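Here the structure is laid out as structure tokens; the discussion comes afterwards.
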Amino acid sequence: MPSAAELAWLIPVLPLAGACLVGLGLISFNRTINRLRKPVALLLITCVGAAAALSYGVLAEQLAGAGPTEVLFNWASAGSFNLQMGFRVDALGAVMLSLVTTIAVLVMVYSDGYMAHDKGYVRFFTYLALFSSSMLGLVISPNLLEIYVFWELVGMCSYLLVGFWYDRDGAANAAQKAFVVNRVGDFGLLLGILGLFWATGSFGFEEIGARLTEAVAAGSVSNGAAVLLCLLVFMGPMAKSAQFPLHVWLPDAMEGPTPISALIHAATMVAAGVFLVARLQPVYVPFPEVQTVIAVVGTITLVLGASIALTQQDLKKGLAYSTVSQLGYMMLAMGCGAPVAGMFHLVTHAFFKAMLFLGSGSVIHAMEEVVGHEPVLAQDMRLMGGLRRYMPVTATTFFIGCVAISGIPPLAGFWSKDEILGVAFGQFPLLWVAGFATAGLTAFYMFRLYFLTFEGSFRGTDKAVQAQLLAAAGKGSGSAEHGDEHGHAHAEHPHESGWQMAAPLVVLAVPSVLIGLLGTPWNSRFAALLDPREAAEAAEHFSWGEFLPLAGASVGISLLGIGVAVLAYALHKLDLATAVAGRFPAVNAFLANKWYLDAINEKLFVQGSRKLARQVLEVDSKVVDGVVNLTGLVTLGSGEGLKYFETGRAQFYALIVFGGVIALVVLFGVLG
Amino acid sequence: MFFDFAVFPAVASLAAASAAPGAAPASAADFPWLSASILFPIAAALLIPFVPDKGDGKQVRWFALGVSLITFLLTVGGYLNGYDPSVEGLQLVERWQWLPNLGLAWSVGADGLSMPLILLTSFITSLAALAAWPVSFKPRLFYFLLLAMDGGQIAVFAVQDMLLFFLAWELELLPVYLLLAIWGAKKRQYAATKFILYTAGGSVFILLAALAMAFYGGGTPSFEFTALMAKEFPLKFQLLAYAGLLIAFGVKLPIVPLHTWLPDAHGEATAPVHMLLAGILLKMGGYALLRFNVQLLPEAHAQFAPLLVVLGVVNIIYAALTSFAQRNLKRKIAYSSISHMGFVLIGIGSFSALGTSGAMLQMVSHGLIGASLFFLVGATYDRTHTLQLDEMGGVGQKMRKMFALWTICSLASLALPGMSGFVSELMVFVGFATSEAYALSFRIVMAVLAAVGVILTPIYLLSMLREIFFGKENAELASHTHLVDAEPREIYVISCLLVPIIGIGLYPRLVTDSYRASIEALVQRELTALDRPLGNPPGGLIRRSPLGELLPPALLQAPALTAAVA
């Protein structure tokens, strides 16, 4: 019997097969397939579930100490050149496989509840399966080229899913923005891959690393060029993992359905960038300049994300910026040369952030009962409050998520974040300060979200606030009237979501609490799996005297953040609006406008490219074509001639050409 | 319609007989596959007046579809029976003296450069016949021209004689001209005239170059490619001939700034004609560049190639920007075609087997993707009756299948992995970036600029999708028009195109292996002509190491799977 690793190619293929089957069905027998909601969902969940089972098998093998497996075949060739494709399973891949499939299955079960009344239910599940397949393919890719292939495919799935509700303008713009911004990153990634191939003749991670160092040592590639190539490749992860300044697409991507935000834009796809950087460690490690850039970009991102999250009123956007910030932490770990710490944070974050997003989806779903299907209203925290009484499961799990992300021991976030901060403290003290302060901000904004959403009194029925929000969003009274039409259907207060939605929340709460214990610094099973030597070393050098002060400081600042949030939003002892926002209006405006990055982006790139394109078209039609038409006029001698051609007797001209040709042929025939 | 099919065997034997007078085909390999696939559609087209039809085209279209399908089968038959992909030279050769004292001979044959394009031609034409189903205005003439074009275009790719090539090149102008001028949109006369002036103007250079090359060196003039290849032209002569041919083929490909006929012609043509224009006609330019400029004039090519690369980059960026600004759907797609052909130019100028192979694959791939997009444009126009993006919007709510097809084809066009466009562009990129014929700085600048196209393409294609399908439904459009979803025939046409697009994307060797030997021989010829010493190869010395070191060791560990796939 083949081992699970040898069957690993089935992991992406199974969901793909399911997605293709249903997709073909949707195109050929649209109505029938659309009616088969539950069977289709069951089929696709089974496919992804089987992939999950296989992934656990692979992980178990890796835990038992199996070595990496790699299978390749010749995909394209010309001359002496061959492009290889195939798959590769190792510890890092096995961890990601299990993570992605677990969350994918949970999100699919959740979606059955969340999308129950959506017209596009079947299409949604198809996209989900397609995404799972691409993401899993990315994880088992053995070389940079194949990574690029699946990299683009997950980008496409993200495009399709963000634009899922295609009748909404916001979704349409967000989908396009996500794809284009990611393509900007891919531009660098592609050039970097090409350059590395030129320099090393390989697409494989280890070969590139070894040969690039050799080439630099031999002097055939200058150090600067090597650094440049590494940074170009890093552009890909910057876009995909929403690092500054290419993070702009991620918050907008929240226009997609919430299960998507949980699966793709929090837990899995956005982590792909971090994963790729971890894969590329053999390439990056010899170049400290590259590592520094990665660490600095990560730090800027984590500060940026957290600071913007402070002022968000939209629940999902708040969580989105929190994701940006946490991705920054992971990148910081990568830049500090601690990929294991970064990957550990990726895993813990995936669980609790998926849970938080699914929780926010549960809240939105419940709010829609009260305010109608209008994202401007259903996602705004000014209309929430007091939801704990109506939806205890959601509130409890959300609370666990908040504690986990804030870094309170023994929950997951504490161990992973503390590990990153510990590494940063040794490597880049300045960056550690930023990361440390942001830990406090994180605790504050997360509990702000929690208190505004779940505590206090319910504000959802406040028509004045609703109208104000609609006006601010530029959606006039039309939508409000629309809402009133269905007013009779609206409940007075929200309800807890059904079991399909509650169960995944509860399931995710377990790892959110416990998984951190796998990565305790004195006995890290996680590190032992990914990098046994480093884990043994770390365990040997571990001393409580170093660990406790740092850990104590991070817990302290987190508690401070939570304390401020309690004072401001639970006890209302502290009016931050006047105390901070009123005193520093510039800072407040800066944060509320998201560091003005969207505005700059819009002005510089969107408008700029449009203008450039219009000018080029102008040149094309006036100058290039103008010359052509002028030549035509001159050749024909007069406007008379042009008219002659315009009347449609130009066949005559063709005849002349043919006559001329035949005459020439005859002439040469006679002469020859 | 049953009657029509009954006619076919007779016609086929007629065509075969006329193609090979006195020579009865002894076996499948001896059957004149190429002559038959050229002459059969033309001969069948001549029979169209006798097809019983009430004038609404309902009988003629079955006839045309049948003829084009048989032509497709003939080309496939030739590929399967007489073509060996591992042979680099000409195959399926047929040769009869025509005007011996002029050196003119009916000489057809196929090698790796022509075979894929011959198959593409007959394939796309069959689909175009199916796409032309709704044509009801002068259907007899329309299908006559369609079939005549089919034969003419196969001839362009198959003939092995430069004079014959010139005749075929000119002959296919007439059907295109008439198809444009009679079935086009409002500005059809202008567009058709512009098209024919441009192309005919360009083809003067083909004739001049052909005559000059044939008569060079005295003796009996011969226009056959093999004879011309054997001649040693001096460099100056080569440069002149190269420049002339570049103009002629640059018009066809098209190369900016010789492109302005294309948006007009494409903008005015009906969907099936459109498919042929984008799917096949543009490829004639790329094919001819490879066949004449590279194969016959390699020393001049060594001089001109950097220009080709620069022009390719200009094509990619310039056309992508114009496409972005276009508000007319057809013209947008037309400019996107120009942009995609830029990769063909870079590949041709890359001096690497991989890059040239990529150029070839890009031609096939764009033939399929371009045809699918233009077909969709036509199908959308049938419903919305407008091509202005401003007048559309939110169409996706009524036309979901159409939306899905558009999305798939646009993603294919923006080179999404898993589809053919990605593979061909990647091959061109890798081939060019690792080519040793150019200085490192030149390669860097050109690769970076070409990669800008990677950003621009999704910008204009996704903006287009957004403006057509996303958002609130355009109330005015919805009230004026009846937006029905895609019908089975349309889905079938697109599926036929998507099967090879995705097939190539998943496993490109399906196609690349069929022309690999010829392309490698061609590049070898280029490299020998590349007189100048290669100089110090910049960096990356590892690349020049033997194959064993080049491949990842894992390949050597896993020979079983490799063997199984190979």
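In what follows, chains are A, B, ... by sequence order, proteins preceding strands, each numbered from 1. Owing to the predicted nature of the structure, the values given are computational and were not obtained by experimental measurement.
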Pairwise distance CZ(B:R327) to CG(A:L617) - rounded to 0.5 angstrom: 11.0 Å
A:Y166 and B:R466, any side-chain heavy atoms less than 4.5 Å apart: no
Checking B:K472 against chain A: side chain, backbone, both or neither under 4.5 Å from a heavy atom? both
Can you tell which part of B:L411 gets under 4.5 Å to a heavy atom of chain A, answering side chain, backbone, both or neither? side chain
With a 4.5 angstrom heavy-atom cut-off, could you sort out which part of A:L160 is near chain B: side chain, backbone, both or neither? side chain
Counterpart residues, side-chain hydrogen bond (donor to acceptor under 3.5 Å, both in side chains), relative to A:W151 (two or more places apart): A:D186
Answer with side chain, backbone, both or neither: which region of B:F469 has an atom nearer than 4.5 Å to a non-hydrogen atom of chain A? backbone
Segment of A:N143 engaging chain B (4.5 angstrom heavy-atom cut-off): neither
Taking every heavy atom of B:F470 against every heavy atom of A:G163, the minimum-distance pair comes out as CE2-O, 3.5 Å
For A:S222, is it the side chain, the backbone, both, or neither that has a heavy atom closer than 4.5 Å to a heavy atom of chain B? neither
What part of A:L190 is in contact with chain B, defined as an atom under 4.5 angstrom from a non-hydrogen atom: side chain, backbone, both or neither? side chain
What's the shortest heavy-atom distance between A:V149 and B:F422, and which atoms? CG2-CE2, 3.6 Å
A:W198 side chain to B:S435 main-chain N or O, any donor-acceptor pair under 3.5 Å? no
A:R183 side chain to B:V454 main-chain N or O, any donor-acceptor pair under 3.5 Å? yes
Where does B:A451 contact chain A at under 4.5 Å (heavy atoms): side chain, backbone, both or neither? both
For B:V452 against A:F187, the heavy-atom pair lying closest together: N-CE1, 3.6 Å
Can you name the closest pair of heavy atoms from A:Y159 and B:L462 and give their distance? OH-CD2, 3.5 Å
Chain B contact via A:L145 - side chain, backbone, both or neither, heavy atoms under 4.5 Å: side chain
So A:V616 and B:F324, side-chain contact (heavy atoms from CB on, under 4.5 Å) or not? Walk me through it. CA-CA 10 Å; A:V616 172; B:F324 182 38; over 6 Å; no
Residue pair A:W75 / B:G505: nearest heavy atoms and the distance that separates them: CZ2-O, 3.3 Å
Using a 3.5 Å distance criterion without hydrogens, assess whether the side chain of B:R509 forms a donor-acceptor pair with backbone atoms of A:N74. yes
Specify which of B:L426, B:V523, B:V204, B:I519 makes the most heavy-atom pairs with chain A at under 4.5 Å. B:L426
Can you tell which part of A:K611 gets under 4.5 Å to a heavy atom of chain B, answering side chain, backbone, both or neither? neither
Between A:Q176 and B:L465, is any pair of side-chain heavy atoms under 4.5 Å apart? no
B:Y198, part contacting chain A, at a heavy-atom distance under 4.5 Å: side chain
For the CG atom of A:D620 and the CD1 atom of B:I338, what is their distance to the nearest 0.5 Å? 7.5 Å
Please classify the contact of B:L405 with chain A as side chain, backbone, both or neither, using a heavy-atom distance under 4.5 Å. side chain
What heavy-atom pair brings A:D169 and B:G471 nearest, and what distance separates the two atoms? OD1-CA, 3.2 Å
Of the backbone (N, CA, C, O) and the side chain (C-beta and beyond), which part of B:I491 lies under 4.5 Å from a heavy atom of chain A, both, or neither? side chain
